[in-house]
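Report on the following structure.
Below, chains carry the letters A, B, ... as their sequence lines are ordered, and counting in each starts from 1.
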There are 2 protein chains.
Amino acid sequence: MNPSLLPVLPCMCASFRRTSRALTQLYDQALRPLGLRATQFTILQALSLAGEVSQGQLGEMLAMDSTTLTRTLEIMGRHGWIAERRGADRRERRLRLAKAGETQFKRALPVWEKVQSRLRHKMGEQTWKNLLQLTNQVTDLITTQGDSI
Amino acid sequence: MNPSLLPVLPCMCASFRRTSRALTQLYDQALRPLGLRATQFTILQALSLAGEVSQGQLGEMLAMDSTTLTRTLEIMGRHGWIAERRGADRRERRLRLAKAGETQFKRALPVWEKVQSRLRHKMGEQTWKNLLQLTNQVTDLITTQGDSI
DNA sequence: GCGAGATAGATGTATATACATCTATAGGAG
DNA sequence: CTCCTATAGATGTATATACATCTATCTCGC
């Protein structure tokens with residue numbers, strides 16, 4: 001590709017969205033044989049790490065509107081990956097991985113690790129660590145103090 | 001928000017997508033009074049910087065599938081922001097800002113600059129510069145050598 | 001217990017996004 | 001020129017995403 005066609009975008013939002021698109025295509029491509037999208041893998045991983053959480057808590061973890069999760073969880077529920085029950089607060093949906101969800105997650109792990117590993121080597125350890133730290137910092141900055149920005 | 005609800009995600013793709021969602025909400029909120037989405041602002045800015053380009057070139061600039069642009073450009077075309085003509089290669093759509101598009105872009109610029117400025121100060125100059133450089137580097141890494149990753 | 005305001009999530013709607021496939025056009029082999 | 005293949009973009013389809021609004025439920029003051 002002609003390098004001039006990849007200008008440095010002056011907009012932080014545009015830069016992140018562009019990189020997200022590129023990354024998503026890379027991860028989606030790797031996960032496609034499993035019938036799994038990057039977003040869905042992320043939800044499996046989040047539930048695997050967090051155990052049982054409410055839909056709202058999952059949304060906060062991922063900086064995602066909880067009503068967005070309604071649709072994605074519906075799709076994942078069709079595959080039997082998500083188990084849920086009512087919380088003590090009966091408005092809440094308490095979510096966790098169903099057996100089929102754990103199985104799917106375990107199948108996807110080595111594929112994900114391979115993409116991560118290849119990308120990490122291409123980028124270099126320092127850049128990799130910097131980016132994980134910086135992206136987290138920015139998310140935190142916006143979601144915990146967003147109103148004052 | 002409870003900090004434990006913003007875990008460091010181990011997945012680079014998930015981290016970028018999460019930060020992109022947070023940033024997009026921030027920029028969208030600022031641009032909403034203008035009836036403009038972050039993606040649409042990005043396209044106005046890209047065309048403002050690049051002049052006349054084909055749909056495919058615009059897609060490469062933004063690491064966006066050119067068929068995705070078909071839909072977004074249709075929406076922006078309804079507002080009269082985009083001018084286009086057939087290229088010498090008659091399969092191509094050559095795109096540029098229409099007068100109304102320039103006007104809209106000029107109206108949006110100060111709003112965008114304010115969000116950028118506030119965020120830059122929150123993040124600090126060094127972090128800001130690092131992130132613009134790193135995100136660009138990663139996009140380049142994937143889009144120019146993606147097949148070998 | 002009861003009513004008023006707050007909150008969790010569902011639903012309607014619009015945009016963003018990509019891939020598979022299709023059509024029209026280009027460009028080269030002969 | 002003709003045919004074959006490659007490419008640009010349009011279209012069908014599915015998912016991702018958020019906001020406005022709605023419903024059910026909670027909580028608090030009384």
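The distance from atom CZ of A/R86 to atom P of C/dG9 is 9 Å, rounded to the nearest whole Å. Look at CZ on A/R17: it is 10 Å from C1' on C/dT15, rounded to the nearest Å. Regarding A/L73, its CG atom lies at a distance of 10 Å from the P atom of C/dG9, rounded to whole Å. What separates CE of B/M64 from P of C/dC19 is a distance of 13 Å, to the nearest Å. Per the geometry, CG belonging to B/D65 stands 14 Å off C1' belonging to D/dT15, to the nearest Å. The interatomic distance linking B/R18 (CZ) with D/dA18 (C1') rounds to 18 Å, in whole Å. Residue A/R71 contributes atom CZ, which lies 17 Å from atom C1' of C/dT17 at whole-angstrom precision. Distance, A/Q25 CD to C/dT17 C1': 9 Å, rounded to whole Å.
Within the nucleic acid shown, A/T39 comes within 4.0 Å of sugar-phosphate atoms alone, with no base atom in reach, counting heavy atoms only. Contact annotation for B/T67: base contact, defined as any heavy-atom pair under 4.0 Å involving a base atom. Nucleic acid contact for B/T72: sugar-phosphate only, since backbone atoms but no base atoms lie under 4.0 Å from a heavy atom of the residue. Across all strands shown, B/S54 has heavy atoms under 4.0 Å from sugar-phosphate atoms exclusively, and none from any base. Here A/A38 lies out of heavy-atom contact (under 4.0 Å) with every strand.
A salt bridge links A/R94 to A/E92: one of the charged nitrogens lies within less than 4.0 Å of a carboxylate oxygen. Using a cutoff of 4.0 Å between basic side-chain nitrogens and carboxylate oxygens, B/R120 and B/E125 are scored as salt-bridged.
Residues B/L31 and B/L49 fall into different hydrophobic clusters, defined by Ile, Leu, Val, Met, Phe, Trp and Tyr side chains chained together at heavy-atom separations under 4.5 Å. Following chains of ILVMFWY side-chain contacts shorter than 4.5 Å, one can reach B/L26 starting from B/L34, so the two form part of one hydrophobic cluster.
For the pair A/S66 and A/R91, nearest-nucleotide mapping onto DNA chain D gives the more 5' position to A/S66. Both A/A88 and A/H79 sit near DNA chain D, but only A/H79 has its closest nucleotide nearer the 5' end. The nearest heavy atom of DNA chain C to A/E92 and to A/A22 marks one nucleotide each, and the one closer to the 5' end goes with A/E92.
In terms of phosphate contacts, B/Q29 brings no side-chain nitrogen or oxygen within less than 4.0 Å of OP1 or OP2 of D/dC19. Contact between the side-chain N/O atoms of B/R90 and the OP1/OP2 oxygens of D/dA8 is not found at any separation under 4.0 Å. Listed pair A/R78 / D/dT15 meets the phosphate criterion, a side-chain N or O lying under 4.0 Å from OP1 or OP2.
Comparing D/dT15, C/dG9, D/dA18 by their nearest atom to the side chain of A/T68 picks out D/dA18. Set against C/dA10, C/dA18, C/dA16, the side chain of A/T70 has C/dA10 as its closest nucleotide. Closest to the side chain of A/D89, from the set C/dC19, D/dC26, D/dG9, is D/dC26.
Within 6.0 Å of atom NE2 in B/H121, 12 or fewer heavy atoms from other residues, nucleotides or ligands are found, so the atom counts as exposed in its surroundings.
B/F16 has its ring centre less than 6.0 Å from the ring centre of A/F16.
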